[in-house]
Amino acid sequence: MRRTTLATALLAGIALANATSNATATCHLIATAISDESALFWPLSIGYAQDNLHWATSSSALSACSVEPGTAQDVGTILQILGSTQTPFAVKGGGHATNPGFSSTSGVQIAMSRFSDVTYNSAAQTVDYGTGIVWDDVYSALEPFGVNIIGGRVSGVGVGGFSLGGGYSWLTNQHGLTVDNVVAFEIVLPNGQVTEVTRQSDADLFFSVLGGYNNFGIVTRITAKAYPQGQVWGGLRVILDIGDNWDAFNNATVKFQAEVTDPKAQILPSFNTLVGAPVATIIMFYDGPTPPAGIFDDFLAIPAVDSDISTRSFLSLVQSSPIASTTRAVFNTVSLMTLSPALMKAIVNETQFWTAKLALASANFISYDVEPFLTSLFTHGSIQATAYPPTRAQGLLPLNIYYAWGLELDDAFMQDAIRQSAAHLKAVAIAEGQDIADAPVYGNYAVLGTSVEDVFGDSLPRMRVTKQRVDPNNVMALAGGWKV
Ligand SMILES: Cc1cc2nc3c(=O)[nH]c(=O)nc-3n(C[C@H](O)[C@H](O)[C@H](O)COP(=O)(O)OP(=O)(O)OC[C@H]3O[C@@H](n4cnc5c(N)ncnc54)[C@H](O)[C@@H]3O)c2cc1C
Ligand SMILES: *[C@@H]1O[C@H](CO)[C@@H](O)[C@H](O)[C@H]1NC(C)=O
Ligand SMILES: *[C@@H]1O[C@H](CO)[C@@H](O)[C@H](O)[C@H]1NC(C)=O
Ligand SMILES: *[C@@H]1O[C@H](CO)[C@@H](O)[C@H](O)[C@H]1NC(C)=O
């Protein structure tokens with residue numbers, strides 16, 4: 001393919017794409033401007049289908065074309081064309097956002113999949129990773145070196161949105177969030193400039209991008225702190241709502257959150273309804289080949305219909321839970337200070353209440369995940385270090401609510417239901433004295449319609465000043481997401 005200069009492309013752009021933006025015309029401009037390292041795909045091709053694919057089918061859209069940039073320079077070329085033609089676009093990492101339009105568009109779909117390198121730097125004890133891969137790729141690349149970085153807990157999640165939004169990991173009790181462990185990143189600014197950013201080189205941009213998603217440009221590479229990683233213990237157990245199983249499960253969860261202080265131990269309990277049938281699951285994790293006696297005994301004593309617990313690699317543990325989705329889905333969240341017995345009961349009641357109610361719609365899965373991190377989880381990063389979390393004054397435990405369903409006509413109904421459920425549980429927590437009325441919520445879990453004030457809180461003023469400097473024409477507003 002012959003490479004035309006950007007200037008030629010932009011001149012042609014003014015001629016082809018008018019003020020109302022013709023995304024197809026913009027695609028033609030991009031096709032002629034990008035290098036051989038990149039590729040553009042049209043509808044009906046396999047590349048186009050892959051680039052538009054999302055974990056939740058409700059997050060996919062039919063774009064005018066898709067483009068897979070292969071170099072940061074090409075990302076710059078693409079951003080300049082999109083900006084000058086004012087064409088809506090989307091940036092997709094792993095495509096796990098559950099809000100429609102956050103990484104999908106009817107305009108130009110950018111897929112980051114060609115940014116796929118994972119490089120361990122043993123001298124610096126850091127790892128460089130491209131933003132177009134999933135965490136499984138990172139873990140399997142690092143396993144031979146006996147090191148790890150702070151990333152996703154289940155299989156298939158993209159590194160891009162995860163690393164730029166916060167990042168709750170199995171290692172968070174020991175080392176904080178993913179954003180707390182980033183030491184540098186390469187970002188392509190809306191003016192096309194490719195720049196490496198550290199806290200020393202540009203403190204405001206470093207702060208703003210870590211938590212700020214796609215508001216400031218497109219991140220192509222991240223450098224994160226590496227930690228030694230050996231065999232771990234744990235896996236998945238599935239518990240039916242028979243006899244006092246769930247009561248015991250609730251008690252064990254409350255006790256774990258109240259009493260376990262070993263930062264290497266973690267659990268992810270969840271209450272689900274799978275096509276109408278109640279099922280609880282728990283993923284247990286210990287960062288070592290054998291957990292100390294006692295920590296997980298209460299959970300192990302509850303009869304399980306399925307159990308996959310062993311000493312294994314970190315990757316094997318992450319892949320122990322089946323989480324493929326081929327259905328419409330939405331997440332929502334409440335930030336909690338603690339898990340009391342009453343709150344746990346209210347959560348179980350929510351699964352029952354909404355199972356009955358949503359059976360009328362095409363619901364096929366309802367899930368409430370409680371995440372009992374140590375309340376010291378935000379102390380691993382310094383105050384004012386990253387845009388998310390906007391306050392580190394108190395530890396907050398994200399509750400993840402997840403509904404899945406079949407029919408597009410039920411989208412609004414399901415989104416409304418998940419808003420009501422989160423509001424109810426927040427009210428229950430406040431009523432029992434939890435100081436969470438103004439607590440920020442995790443953007444990677446929050447449903448569309450949540451205000452950016454609720455996601456970014458006190459970080460917003462600094463983010464907005466930075467935004468004005470690096471994106472004065474607001475090019476990144478052409479892409480969806482939590483917009484500052
Ligand atoms: C099954 C499942 C499990 C999950 N588990 C966890 C968990 O354990 N811990 C946790 O913290 N979260 C978890 N999440 C939430 C997860 O963090 C978000 O879905 C996250 O956005 C995924 O990143 P992605 O790259 O796949 O998403 P995408 O949908 O590709 O992107 C999400 C947002 O980030 C932006 N973005 C992506 N890449 C870039 C880039 N390179 N430059 C600029 N902007 C970019 C996109 O434009 C979009 O707005 C989970 C989600 C699912 C569906
Ligand atoms: C958009 O551009 C394409 C190709 O450049 C052209 O064929 C088409 O007619 C244009 N559509 C509109 C609505 O302007
Ligand atoms: C759960 O805890 C409550 C309160 O301590 C107790 O009454 C109940 O018997 C416990 N249930 C089980 C199954 O252990
Ligand atoms: C169960 O949940 C519904 C819906 O949120 C609520 O109206 C009801 O009061 C709850 N019941 C109990 C016992 O908590």
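Just follow the structure's listing: the first ligand is 1, and inside any ligand the first atom is 1. Basis for what follows: all heavy atoms, side chains included, without hydrogens, waters or symmetry-related copies. The chain is numbered in sequence order, starting from 1.
With respect to Y168, the side-chain contact (heavy atoms from CB on, under 4.5 Å) criterion is satisfied by exactly one of L377, L397, I150, N444: L377.
Aromatic ring orientation, F378 versus Y388: perpendicular (interplanar angle above 60°, classes split at 30° and 60°). Taking the six-membered ring where the residue is Trp, F185 and F206 present parallel rings, their angle staying beneath 30° rather than reaching 60°. Between W135 and Y139, the ring-plane angle classifies as parallel under the 30° and 60° cut-offs.
Listed by number with element, the atoms of ligand 2 under 4.0 angstrom from any heavy atom of N22 are 1 (C), 2 (O), 3 (C), 8 (C), 10 (C), 11 (N), 12 (C), 14 (O). For ligand 2, the atoms closer than 4.0 angstrom to any heavy atom of A25 are 2 (O), 5 (O).
Counting non-hydrogen atoms of neighbouring residues, nucleotides and ligands closer than 6.0 angstrom, the CG atom of L360 exceeds 12 such neighbours.
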Check ligand 1 for close polar pairs with the protein: N or O on both sides, less than 3.5 Å.
{"from": "ligand 1", "atom 1": "8 (O)", "to": "R153", "atom 2": "NE", "distance (Å)": "2.8"}
{"from": "ligand 1", "atom 1": "8 (O)", "to": "R153", "atom 2": "NH2", "distance (Å)": "3.2"}
{"from": "ligand 1", "atom 1": "8 (O)", "to": "Y168", "atom 2": "O", "distance (Å)": "3.4"}
{"from": "ligand 1", "atom 1": "9 (N)", "to": "R153", "atom 2": "NH2", "distance (Å)": "3.4"}
{"from": "ligand 1", "atom 1": "9 (N)", "to": "Y168", "atom 2": "O", "distance (Å)": "2.9"}
{"from": "ligand 1", "atom 1": "11 (O)", "to": "Y168", "atom 2": "N", "distance (Å)": "2.8"}
{"from": "ligand 1", "atom 1": "11 (O)", "to": "Y442", "atom 2": "OH", "distance (Å)": "2.6"}
{"from": "ligand 1", "atom 1": "17 (O)", "to": "N444", "atom 2": "ND2", "distance (Å)": "3.2"}
{"from": "ligand 1", "atom 1": "19 (O)", "to": "H96", "atom 2": "O", "distance (Å)": "3.2"}
{"from": "ligand 1", "atom 1": "21 (O)", "to": "N444", "atom 2": "OD1", "distance (Å)": "2.7"}
{"from": "ligand 1", "atom 1": "23 (O)", "to": "G161", "atom 2": "N", "distance (Å)": "3.3"}
{"from": "ligand 1", "atom 1": "23 (O)", "to": "F162", "atom 2": "N", "distance (Å)": "3.2"}
{"from": "ligand 1", "atom 1": "25 (O)", "to": "G94", "atom 2": "N", "distance (Å)": "2.9"}
{"from": "ligand 1", "atom 1": "25 (O)", "to": "G161", "atom 2": "N", "distance (Å)": "2.9"}
{"from": "ligand 1", "atom 1": "26 (O)", "to": "G94", "atom 2": "N", "distance (Å)": "3.2"}
{"from": "ligand 1", "atom 1": "26 (O)", "to": "G95", "atom 2": "N", "distance (Å)": "3.2"}
{"from": "ligand 1", "atom 1": "26 (O)", "to": "H96", "atom 2": "N", "distance (Å)": "3.1"}
{"from": "ligand 1", "atom 1": "26 (O)", "to": "G158", "atom 2": "N", "distance (Å)": "3.2"}
{"from": "ligand 1", "atom 1": "27 (O)", "to": "H96", "atom 2": "N", "distance (Å)": "3.3"}
{"from": "ligand 1", "atom 1": "29 (O)", "to": "H96", "atom 2": "N", "distance (Å)": "3.3"}
{"from": "ligand 1", "atom 1": "29 (O)", "to": "A97", "atom 2": "N", "distance (Å)": "2.9"}
{"from": "ligand 1", "atom 1": "29 (O)", "to": "S103", "atom 2": "OG", "distance (Å)": "2.7"}
{"from": "ligand 1", "atom 1": "30 (O)", "to": "G93", "atom 2": "N", "distance (Å)": "2.6"}
{"from": "ligand 1", "atom 1": "30 (O)", "to": "G94", "atom 2": "N", "distance (Å)": "3.4"}
{"from": "ligand 1", "atom 1": "30 (O)", "to": "G95", "atom 2": "N", "distance (Å)": "2.8"}
{"from": "ligand 1", "atom 1": "41 (N)", "to": "T131", "atom 2": "OG1", "distance (Å)": "3.4"}
{"from": "ligand 1", "atom 1": "41 (N)", "to": "V219", "atom 2": "O", "distance (Å)": "2.7"}
{"from": "ligand 1", "atom 1": "42 (N)", "to": "V219", "atom 2": "N", "distance (Å)": "3.0"}
{"from": "ligand 1", "atom 1": "47 (O)", "to": "V91", "atom 2": "O", "distance (Å)": "2.7"}
{"from": "ligand 1", "atom 1": "47 (O)", "to": "F102", "atom 2": "O", "distance (Å)": "3.4"}
{"from": "ligand 1", "atom 1": "47 (O)", "to": "N214", "atom 2": "ND2", "distance (Å)": "3.0"}
{"from": "ligand 1", "atom 1": "49 (O)", "to": "F102", "atom 2": "O", "distance (Å)": "2.8"}
{"from": "ligand 1", "atom 1": "49 (O)", "to": "N214", "atom 2": "ND2", "distance (Å)": "3.4"}

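Within 4.0 Å of ligand 4, contacts by protein heavy atoms are made from N349, E350, F353, H424.
For W405 and F365, the ring centers are positioned 6.0 Å apart or more.
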Inset, instruction - Let me see the working for E350 and Q352 under side chain to side chain donor-acceptor pair (under 3.5 Å), right down to the final yes or no. - result: CA-CA 5 Å; E350 282 301 287; Q352 291 159 349; over 6 Å; no

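Residues N99 and V447 meet the side-chain proximity criterion, which asks for heavy atoms closer than 4.5 Å. Put simply, the side chain of Y227 reaches to within 4.5 Å of the side chain of H175, judged on heavy atoms.
The pair R392-D180 counts as a salt bridge, with a side-chain nitrogen and a carboxylate oxygen less than 4.0 angstrom apart.
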